[in-house]
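Here the structure is laid out as structure tokens; the discussion comes afterwards.
Computed from heavy atoms alone, side chains included, the values below leave out hydrogens, waters and symmetry copies. Chain naming here is simple, since letters A, B, ... match the order of the sequence lines and numbering starts at 1 in each.
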Amino acid sequence: MNELITSIATYTFLQNAIIAGILASIVCGITGTFVVVKKITFISGGIAHAVLGGVGIAYYLEMPPIIGAFVFAILSAIIIGLVKLKANQHENTVISALWAMGMAVGVIFMYLTPGYSADLLSYLFGNILMVSSTNLYILAGLNVFIILIVLILYRQFVAITYDEEQARLRGLPVNFLYILLLCIIALTIVVLIQIVGIILVIALLSLPAAIAGLYTRTLHAMIFSAIGLGMVLTLSGIAISFSANIPTGATIIILCGLVYLIAINLTRFIYKKKAL
Amino acid sequence: MKNNAAEPIIAFRGVDFSYNGELVLENISIEIDRNDFVAILGPNGAGKTTLIKLLLGFLKPGKGTISILGQRPAKARKAIGYVPQYSIFDKDYPIHVIDIVKMNTLTANSLFPSYKKEVTVKAFSLLQKLEIQNLAYRNFHELSGGQKQRALIARALINEPEILLLDEPTASVDATMEKDIYDTLKMLNESTTILLITHDVGFVSAYVNKICCLNRFASMHSVEELTGKSLFDIYSESSKFLQHHCNL
């Protein structure tokens with residue numbers, strides 16, 4: 001433990017990792033809560049995986065990969081949103097297709113890019129210890145943006161995620177809000193990919209909120225709870241992975257998964273006891 | 001709104017509606033007057049859901065016209081308090097009963113998380129009116145079926161609608177609760193036109209003044225011929241009457 005504290009004080013990369021972890025937990029708690037209550041993890045998975053296409057193209061064009069990730073995340077959010085709103089059938093098929101095609105585009109462009117890109121693996125599995133100071137500023141900016149949008153439109157998002165039909169009757173711009181929500185999910189995914197990578201991002205997005213949902217009674221309590229849980233889980237993951245010298249993203253996800261499984265069984269146990 | 005008291009509050013004139021070429025509603029012509037309490041009865045697949053969607057302006061008739069307070073349904077939405085079946089709500093969604101009521105005051109301009117104090121006060125007084133004020137800060141899914149129904153009625157009432165439209169309000173509640181809900185609606189009927197849709201003959205005929213039988217076609221019946229009898233007689237006789245007339 002002492003060793004860890006000295007390391008944090010010494011190494012900038014560890015400080016960056018901790019700041020990135022905290023920033024990620026905040027957006028994760030906010031967005032993840034909406035993903036969980038609206039039950040759109042599959043859609044979020046589609047957006048996350050399509051992002052690889054953007055990363056690949058950015059590499060090929062020698063642009064910062066985060067820009068490619070950003071563009072593709074927003075594009076796939078809009079396309080998936082429109083598909084969901086317009087096509088009643090085949091929605092899952094279309095999302096699966098986008099999911100796989102995004103990844104395929106990424107693989108092809110990375111192949112076409114001269115030289116070996118070691119960063120591919122860090123995009124797939126994340127590498128929080130490689131977060132640069134520039135990326136931290138981008139993450140902080142995205143945080144501020146997401147918090148502001150959700151704060152301003154909070155009641156509207158609650159309305160469309162709870163009862164879409166009633167929201168339409170009230171004359172709320174349901175379609176616009178839905179696509180905006182997907183764009184916020186997309187931005188969150190860009191933030192989280194820095195930490196855990198494309199493949200593991202859905203777990204980090206949904207698990208803290210899902211755990212919080214087991215014991216909270218209002219949406220805002222669920223959000224704050226998910227943020228707190230996310231911070232504890234992410235920071236513990238960083239500490240454990242650093243001490244044990246194992247990959248950070250995977251450690252964080254295993255922690256989230258374990259806590260979720262324990263929480264679910266604990267809740268069942270408590271409810272059973274109450275029922276007796 | 002421009003509406004003469006003598007004019008019907010809701011009028012269907014020769015309305016047809018079809019899904020994928022199949023006629024679900026055919027030549028519907030019905031009129032509902034102000035302060036009517038109407039039950040629309042029909043078996044499953046009779047077009048009840050379609051009728052609701054037409055009334056709310058989510059669907060447009062293939063033929064004929066629908067006018068609500070002299071306007072097209074989509075324009076008259078503000079005048080209708082819609083009470084859906086509570087089973088459509090996700091039981092995992094963490095939300096307090098009072099928040100569901102307040103949510104129905106939102107407009108596209110409602111920004112930032114908090115509601116005005118008068119909205120909260122009004123929502124609370126409606127829960128009081130429906131005798132569930134002690135449940136205001138409970139989770140919606142912890143309520144019983146009858147309590148959920150009351151909460152949703154409170155939600156509809158917060159906009160002071162002229163018409164209350166209920167979809168199967170007594171589905172999956174027991175007989176006592178059913179009577180309770182109808183008593184509540186009867187009380188609300190003093191100031192509101194009530195339209196409820198059900199496949200359940202039950203007690204409803206003892207409370208309403210008009211019954212509309214729906215089975216692709218619609219026919220309106222008055223229940224006046226049944227008055228002057230005990231509740232039990234009304235119940236059993238009207239059940240037979242309805243079963244006969246509506247092919248239930």
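- Heavy-atom distances place no part of T33(A) under 4.5 Å from chain B, backbone and side chain included.
- Scanning both residues, Q166(A) and Y82(B), for their nearest heavy atoms gives OE1-O, 4.1 Å.
- To the nearest 0.5 Å, atom CD1 of residue I52(B) and atom CD of residue E165(A) are 8.5 Å apart.
- With a 6.0 Å radius and a threshold of 12 heavy atoms from other residues, nucleotides or ligands, Y154(A) has its OH atom above the threshold.
- Checking side-chain atoms of R217(A) against main-chain N and O of R138(B) turns up no donor-acceptor pair under 3.5 Å.
- A donor-acceptor pair under 3.5 Å is formed between the side chain of Q156(A) and the backbone N or O of T107(B).
- Put simply, of T216(A), L177(A), T161(A), the one with the most heavy-atom pairs under 4.5 Å next to chain B is T161(A).
- Contact annotation for V158(A): both backbone and side-chain heavy atoms come within less than 4.5 Å of a heavy atom of chain B.
- For NZ of K39(A), the number of neighbouring non-hydrogen atoms (other residues, nucleotides, ligands) closer than 6.0 Å is greater than 12.
- Taking the side chain as every heavy atom from C-beta outward, I95(B) and T218(A) never approach each other to under 4.5 Å.
- The local environment of NZ in K60(B) is sparse, with at most 12 non-hydrogen atoms from other residues, nucleotides or ligands closer than 6.0 Å.
- Taken to the nearest 0.5 Å, the CZ atom of F112(B) stands 6.0 Å off from the CG atom of L151(A).
- Ring pair Y93(B)/Y162(A) is perpendicular by interplanar angle, where above 60° counts as perpendicular and below 30° as parallel.
- Within residues 139-147 of chain B, the residues having any heavy atom less than 4.5 Å from a heavy atom of chain A are, in residue-number order, N139(B), F140(B), E142(B).
- Nearest heavy-atom pair across G171(A) and A108(B) is O-CB, 4.2 Å.
- Heavy atoms only, all atoms of each residue included: M222(A) and P94(B) are closest at SD-CG, 3.6 Å.
- For the pair N104(B) and R170(A), the minimum side-chain heavy-atom distance is below 4.5 Å.
- Residue contact with chain A, scored on non-hydrogen atoms closer than 4.5 Å, involves the side chain of F58(B) exclusively.
- D90(B) approaches V37(A) most closely through the heavy-atom pair OD2-O, 3.6 Å.
- Residues A159(A) and M103(B) share a closest heavy-atom pair of CA-SD, 3.6 Å.
- For F145(A), the ring pair (Phe, Tyr, Trp, His ring centres under 6.0 Å) test picks out no residue, with sequence neighbours left out.
- With a threshold of 4.5 angstrom between heavy atoms, I100(B) approaches chain A through side-chain atoms but not through N, CA, C or O.
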